[in-house]
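See structure below.
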Number of protein chains: 2
Amino acid sequence: MLINELSKRTGITAHTIRFYEKSGLIKGKRYENVKSNNYYHYDEDTVEKLELIRDAKSVGFTIHEISQLIDAWYNNKMTVTEKLSILDEKLLSIDERIKQLKEMKKLISHFKKDVLTDNC
Amino acid sequence: MLINELSKRTGITAHTIRFYEKSGLIKGKRYENVKSNNYYHYDEDTVEKLELIRDAKSVGFTIHEISQLIDAWYNNKMTVTEKLSILDEKLLSIDERIKQLKEMKKLISHFKKDVLTDNC
DNA sequence: TACAAGTATAGACTATACTCTAATGTTGTT
DNA sequence: AACAACATTAGAGTATAGTCTATACTTGTA
């Protein structure tokens, strides 16, 4: 599929998809037998990758971290041990974030209590 | 206290503190009776605010969101209802983030399973 | 008093992550 | 053939959040 279809299927603009391509997150293919243009062609895996990018971004992962995740998912040059090491590291960082968010919840709940007691 | 002490107590550089001052997150006071300089003086509340800024930043809040939090905490011009509305909104967004993080954990655990089954 | 250390300001610079524009070429439809 | 729609590239611009430099003035210490 060409970039326009990929964009429609993922809801990510062609501009941003090209930015991800330049950043190395996804890889389109150019067919050698087509000489008239140099259009990129994308497969179903790329749709999945873009969905992962969107989800991972929404929880605060950087492009660099997402790039590591995609490698752990698709890169055939990495060993199982390397992949697991990256995935475990990400799981730990997620747990840390959840912990911090829960602390922030407590703090904000304290604010609420203060607001209610100081003003009523 | 002057900026250097504030910096030492919070671990935030003077540069960054001045950036927060410019961004409206904190407010130093200048004493009119001192004519020889125009140094900013900070109080204990500012220390607390900077600690809040650091914590809130670590969970991914933007300067703008933190500014709202500080208003809900310290601004005397806001009504109780307005403050509670902001705090409740932040609590909801935190819950949403925790939910997304848990989904991401599930996804990464799936990756782990795939890595283990595909390669052993 | 000399001089190091502290303070303020403007503005330049960096990094991340886009977002957009312009120029140019290709493809598809009528 | 004409023309809209699509594709690529380079490079400029934007927003966020700092980070650093240069200049200049003030304060504290030997």
Side-chain angles (χ1 to χ4, degrees), chain A residues 1-43 46-47 49-70 93 97 100, chain B residues 1-43 46-47 49-70 93 97 100:
Chain A
M1 95 193 70
L2 295 179
I3 198 164
N4 216 24
E5 193 186 335
L6 185 60
S7 170
K8 269 168 197 151
R9 284 192 51 190
T10 59
I12 297 170
T13 68
H15 274 303
T16 301
I17 292 172
R18 290 204 182 95
F19 170 74
Y20 291 151
E21 172 102 42
K22 263 199 253 172
S23 307
L25 295 184
I26 59 167
K27 289 265 167 244
K29 274 176 198 111
R30 279 164 164 171
Y31 299 126
E32 302 83 30
N33 54 324
V34 179
K35 317 130 206 149
S36 63
N37 68 40
N38 54 348
Y39 292 0
Y40 285 111
H41 295 259
Y42 299 97
D43 54 18
T46 308
V47 176
K49 283 181 189 174
L50 286 175
E51 281 161 359
L52 169 66
I53 291 168
R54 194 178 33 205
D55 293 348
K57 273 185 47 53
S58 83
V59 301
F61 279 121
T62 63
I63 295 274
H64 177 70
E65 288 172 312
I66 296 168
S67 168
Q68 292 182 311
L69 268 180
I70 289 177
S93 80
R97 278 177 218 207
Q100 288 178 324
Chain B
M1 98 192 70
L2 295 179
I3 197 164
N4 216 23
E5 193 186 335
L6 185 60
S7 171
K8 269 167 197 153
R9 284 193 51 190
T10 59
I12 298 170
T13 69
H15 274 302
T16 302
I17 292 172
R18 291 204 181 96
F19 170 74
Y20 291 150
E21 172 101 42
K22 264 199 252 173
S23 307
L25 293 185
I26 59 168
K27 288 267 167 243
K29 273 172 200 117
R30 278 162 166 176
Y31 299 127
E32 303 84 30
N33 54 323
V34 179
K35 317 129 205 150
S36 63
N37 68 40
N38 56 348
Y39 291 1
Y40 286 110
H41 295 260
Y42 299 97
D43 54 17
T46 308
V47 176
K49 283 180 189 172
L50 286 176
E51 281 162 359
L52 170 65
I53 290 168
R54 193 180 31 207
D55 293 349
K57 273 186 46 54
S58 83
V59 301
F61 280 120
T62 64
I63 294 275
H64 177 69
E65 287 172 312
I66 295 168
S67 168
Q68 291 182 311
L69 268 180
I70 289 177
S93 80
R97 279 178 217 205
Q100 288 178 324

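Just so it is clear, the values below take in all heavy atoms, side chains as well, and ignore hydrogens, waters and symmetry mates. Protein chains get the first letters and strands the later ones, always in sequence-line order, with residue 1 at the start of each.
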Sugar-phosphate, base or nothing in reach of A:Thr13, heavy atoms under 4.0 Å: nothing

Whole-Å gap separating C1' (C:dA10) and CZ (B:Phe19): 15 Å

A:Lys57 side chain, from C-beta outward: closest of D:dA17, C:dA17, C:dA8: C:dA17

Pair B:Lys57 + B:Glu51: basic N to acidic O under 4.0 Å: no

Whole-Å gap separating P (D:dT8) and CD (A:Glu21): 8 Å

Atom-pair distance (CD1 on B:Ile17; C1' on D:dT19), nearest Å: 14 Å

OH-CD distance between A:Tyr42 and A:Glu5, expressed to the nearest 0.5 angstrom: 12.5 Å

Salt-bridge present (A:Arg97, A:Glu65; N to O < 4.0 Å): yes

A:His41 NE2 to D:dT8 C1', straight-line distance once rounded to whole Å: 13 Å

Within 6.0 angstrom of A:His41 NE2, more than 12 heavy atoms from elsewhere: yes

Whole-Å distance separating the NZ atom of A:Lys22 from the C1' atom of C:dC20: 12 Å

A:Arg18 side chain near D:dT8 phosphate (N/O to OP1/OP2, under 4.0 Å): yes

Presence of B:Tyr20 side-chain N/O under 4.0 Å of D:dG18 phosphate oxygens OP1/OP2: yes

Most 5' of A:Lys8 and B:Phe61 on DNA chain D, judged by nearest nucleotide: A:Lys8

Atom-to-atom span, OH of B:Tyr31 to P of D:dT27 - whole angstrom: 15 Å

Phosphate OP1/OP2 of D:dT26 contacted by B:Tyr40 side-chain N/O (<4.0 Å): no

DNA chain C: 5'-proximal contact among A:His15 and B:Arg30 (nearest heavy atom): B:Arg30

Below 4.0 Å: OP1/OP2 of D:dT27 and any side-chain N or O of B:Asn37: yes

C:dG25 OP1/OP2 closer than 4.0 Å to side-chain N/O of A:Ser36: no

Between C:dT7 (C1') and B:Asn4 (CG): distance, integer Å: 9 Å

Selection from C:dT27, D:dG18, C:dA8 that lies nearest to any side-chain heavy atom of B:Thr16: D:dG18

Gap between atoms CD1 and C1', on B:Ile12 and D:dA17 respectively (whole Å): 13 Å

N/O (side chain, B:Asn38) to phosphate O (OP1/OP2, C:dT7) under 4.0 Å: no

CA sep, side-chain torsions, deciding dist, call: B:Asp43, B:Thr46, side-chain hydrogen bond (donor to acceptor under 3.5 Å, both in side chains): CA-CA 6 Å; B:Asp43 54 17; B:Thr46 308; 2.8 Å; yes

Comparing B:Tyr39 and A:Tyr39 on DNA chain D - which has the more 5′ nearest nucleotide: A:Tyr39

